[in-house]
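Data block below; observations after.
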There are 2 protein chains.
Amino acid sequence: MNQLDESLLSAIPPFRRLDRAQIREILDLATPARFDERQAIFEEGAEASRFYLLLDGVIRVIRTTPGGDQIIVLHIAAGQLFGIAPALGHDTYPATATAAGECLVLGWPVRLWPTFVEKYQGFATETYKVVGERIDEMNNRIVELATQAVEQRVACALLRMLNQTGKKVDNGIEITFPITRANISEMTGTTLHTVSRLLSAWEKQGILESARRHIVVTDPHRLVQLSTSAA
Amino acid sequence: MNQLDESLLSAIPPFRRLDRAQIREILDLATPARFDERQAIFEEGAEASRFYLLLDGVIRVIRTTPGGDQIIVLHIAAGQLFGIAPALGHDTYPATATAAGECLVLGWPVRLWPTFVEKYQGFATETYKVVGERIDEMNNRIVELATQAVEQRVACALLRMLNQTGKKVDNGIEITFPITRANISEMTGTTLHTVSRLLSAWEKQGILESARRHIVVTDPHRLVQLSTSAA
DNA sequence: CGCCGTCTTGACTCGCCTCAACCTCGGTGG
DNA sequence: CCACCGAGGTTGAGGCGAGTCAAGACGGCG
């Protein structure tokens with residue numbers, strides 16, 4: 001087993017209040033793993049055997065309807081815990097987690113969860129703060145889906161990704177992981193055709209630039225306008 | 001202060017594992033309150049000063065968009081904790097809670113939250129289980145809003161209310177609190193006109209009976225069919 | 001009795017989905 | 001090196017679901 005460096009965890013909220021020795025303990029219990037794009041970390045409905053920390057990359061959380069269409073529930077950015085079903089009294093995963101791009105994760109067996117909560121100061125509190133943020137995000141999406149038109153929803157989806165994983169580049173802000181029109185349609189409850197039309201239009205207006213599976217937003221401010229006003 | 005009976009709490013999950021003396025302690029710290037229909041228990045954005053247990057009635061959780069339209073995030077049935085912002089690292093309430101019908105609640109100051117979690121065996125675990133269930137429900141609604149047509153969404157909304165607070169009556173299952181067409185439209189992201197048309201049609205087909213602000217579903221099975229299939 | 005909140009119903013409109021055809025890129029194998 | 005192929009993307013035409021506009025009925029409450 002290759003030795004993991006303590007600095008990996010020391011800046012991450014759930015572990016921030018821990019000392020070096022504690023972090024060492026935790027790291028020694030972890031199993032690191034690499035996942036390629038599109039690889040699943042765990043599947044919806046499977047027994048929740050491990051919980052994870054995303055060290056690098058982006059995780060795409062997906063649910064599949066009985067009817068067969070997929071929808072993207074949320075994206076998870078580096079530094080966040082995921083697959084924390086045990087924290088919420090679940091014994092199976094409620095959704096599928098796949099690597100949106102190449103990912104580096106640490107995993108622990110669920111049986112360690114109670115120990116972590118009990119033993120490590122602030123772990124529970126910080127974790128539930130993250131849960132709270134996810135709930136907020138879900139709430140916002142519900143409101144969005146219920147009240148806004150497709151154009152605004154797509155704008156919101158882009159902005160959300162920019163905020164969570166956007167990286168500044170010379171001509172704007174870039175979405176750091178591969179993303180297709182179809183993906184965006186699965187996030188917004190629309191079709192890839194409509195998304196394609198919208199992005200084409202926005203590209204003509206100079207709001208963004210896109211190559212295949214790759215988007216750079218050059219005028220985020222404009223996108224914010226689009227996301228809020230119906231005009 | 002009128003003395004509250006211990007049996008109020010002994011059957012409710014977060015308190016189930018506690019003994020009589022502990023429940024007594026908790027009750028003595030609680031402030032009981034009654035709310036009339038449409039009265040707000042707390043408002044979105046307000047400082048989260050208390051958390052609550054719903055003893056009787058139904059709570060309607062509402063969010064208001066910048067654009068001014070309201071959407072109903074979820075309903076809370078008797079026996080559930082709500083306003084548990086502190087558990088999720090919030091210091092303001094993320095939504096408004098109003099009484100869907102007459103309600104009886106117990107309230108505690110948030111500063112007691114950490115004490116409850118620490119002192120009472122199983123309180124935290126059971127509470128987070130409830131949080132997990134709410135997350136599931138929200139997830140389902142997201143999928144629903146993103147993939148299903150209006151008719152199916154309305155059917156789902158009705159079924160959800162039946163499951164949570166439905167009461168058997170001689171000719172079917174009744175929704176136990178006052179509910180308008182407009183309310184249903186706020187739950188499903190549609191208009192009261194469309195809801196009205198759907199309910200009229202269903203009433204003609206013998207699936208339900210409705211008076212003003214009052215619905216009895218006479219053929220739940222049929223409603224399940226409608227909620228799943230596009231036909 | 002008159003008002004207001006609730007509900008109904010019709011007619012029209014339009015946003016977005018569906019259907020369909022085609023293009024472009026990037027990888028793979030002969 | 002090129003031919004092929006599949007995934008990803010674009011764009012047009014047409015239709016329908018559901019929103020909007022409009023008018024009114026019903027019932028309860030002050």
Side-chain angles (χ1 to χ4, degrees), chain A residues 36-38 60 65 67-72 98 100-101 144-155 157-158 175 177-205 208-216 226 229-231, chain B residues 36-38 65 67-71 98 100-101 144-155 157-158 175 177-205 208-216 226 229-231:
Chain A
D36 285 325
E37 192 184 333
R38 276 168 234 253
R60 185 168 287 149
T65 68
D69 23 31
Q70 299 192 335
I71 88 123
I72 297 176
T98 64
E144 220 176 279
L145 283 165
T147 64
Q148 301 194 315
V150 166
E151 183 176 38
Q152 293 156 59
R153 299 209 300 268
V154 173
L158 287 179
I175 293 175
F177 55 94
I179 183 139
T180 67
R181 311 291 188 256
N183 287 331
I184 297 177
S185 75
E186 285 161 7
M187 301 176 62
T188 52
T190 180
T191 62
L192 78 159
H193 307 278
T194 301
V195 173
S196 177
R197 282 183 239 272
L198 283 172
L199 294 194
S200 294
W202 291 345
E203 187 147 17
K204 280 199 188 86
Q205 294 171 48
L208 53 80
E209 291 167 15
S210 77
R212 59 164 37 201
R213 321 210 304 143
H214 191 83
I215 296 176
V216 177
L226 284 170
S229 80
Chain B
D36 284 326
E37 192 185 333
R38 277 167 233 254
T65 68
D69 23 30
Q70 299 193 333
I71 88 124
T98 64
E144 221 176 277
L145 283 165
T147 64
Q148 301 194 314
V150 167
E151 183 176 37
Q152 293 156 60
R153 299 210 299 270
V154 173
L158 287 178
I175 293 174
F177 54 95
I179 183 140
T180 67
R181 311 290 188 255
N183 287 330
I184 297 177
S185 75
E186 285 162 6
M187 301 177 61
T188 52
T190 180
T191 61
L192 79 160
H193 307 278
T194 302
V195 173
S196 178
R197 282 185 240 272
L198 283 172
L199 294 193
S200 293
W202 291 345
E203 188 147 17
K204 280 198 189 87
Q205 293 170 50
L208 52 81
E209 290 167 16
S210 78
R212 60 165 33 201
R213 323 211 304 142
H214 190 82
I215 296 175
V216 176
L226 284 170
S229 80

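- Across the protein-nucleic acid pair, B/Trp202 atom CH2 and C/dT8 atom P stand 13 Å apart, rounded to whole Å.
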Check nucleotides 24-30 of chain D for protein N or O atoms closer than 3.5 Å to its own N or O atoms and list the pairs.
none

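- Atom-to-atom distance recorded for A/Thr65:OG1 and B/Glu144:CD is 11.5 Å, nearest 0.5 angstrom.
- The backbone N or O of A/Leu192 lies less than 3.5 Å from no partner atom in the side chain of A/Ser196, so there is not a single donor-acceptor pair.
- Between the CD atom in A/Glu151 and the OG1 atom in A/Thr194 there is a gap of 11.0 Å [rounded to 0.5 Å].
- Counting only heavy atoms from C-beta outward, the side chains of B/Leu199 and B/Leu158 approach each other to under 4.5 Å.
- Distance from the side chain of A/Ser200 is smallest for D/dT11 among the nucleotides D/dT11, C/dC16, D/dG19.
- Look at CZ on B/Arg153: it is 14 Å from P on D/dG17, rounded to the nearest Å.
- In this structure, the CZ atom of A/Arg38 is 10 Å from the P atom of D/dA7, given to the nearest Å.
- Evaluation of atom-type donor-acceptor distances gives no pair under 3.5 Å for the side chain of A/Arg197 against the base of C/dG15.
- Whole-Å rounding puts the A/Glu209 CD to D/dG9 C1' distance at 17 Å.
- Atom CD of B/Glu186 is separated from atom P of C/dT6 by 11 Å (rounded to the nearest Å).
- Considering CG of A/Leu208 and CD1 of A/Ile175, their distance stands at 8.5 Å, rounded to 0.5 Å.
- Across the protein-nucleic acid pair, A/Asn183 atom CG and D/dG9 atom P stand 8 Å apart, rounded to whole Å.
- B/Glu203 places its CD atom 10 Å from the P atom of C/dT9, with the value rounded to the nearest Å.
- Between A/His214 atom NE2 and C/dG26 atom C1' there is a gap of 16 Å when expressed in whole angstrom units.
- Residue B/Thr180 has no polar side-chain atom (N or O) positioned under 4.0 Å from OP1 or OP2 of C/dG5.
- From one end of the helix from C/dC1-D/dG30 to C/dG30-D/dC1 to the other, with five pairs defining each end axis, the axis direction shifts by 30° (rounded to 10°).
- Side-chain contact check for A/Arg181 and A/Ser200: no donor-acceptor pair (N or O, by modelled atom type) lies under 3.5 Å.
- With respect to A/Arg213 and A/Glu37, a salt bridge is recorded, a charged nitrogen being found less than 4.0 Å from a carboxylate O.
- Once rounded to the nearest 0.5 Å, the distance linking CG of A/Asp69 with OG of A/Ser185 reads 10.0 Å.
- The shortest non-hydrogen separation linking A/Phe177 to A/Ala100 is CD1-CB, 3.7 Å.
- Judged by distance alone, the side chain of A/Arg153 and the main-chain N or O of A/Thr188 form a donor-acceptor pair under 3.5 Å.
- For residues 188-196 of chain A, proximity to DNA chain C is found at A/Gly189, A/Thr190, A/Thr191, A/His193, A/Thr194, defined as any non-hydrogen atom under 4.0 angstrom from a strand atom.
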Open item on the list: Is there a side chain to side chain contact (heavy atoms under 4.5 Å, CB included) between B/Ile184 and B/Leu198? Walk through the geometry before answering.
Closed with: CA-CA 11 Å; B/Ile184 297 177; B/Leu198 283 172; over 6 Å; no
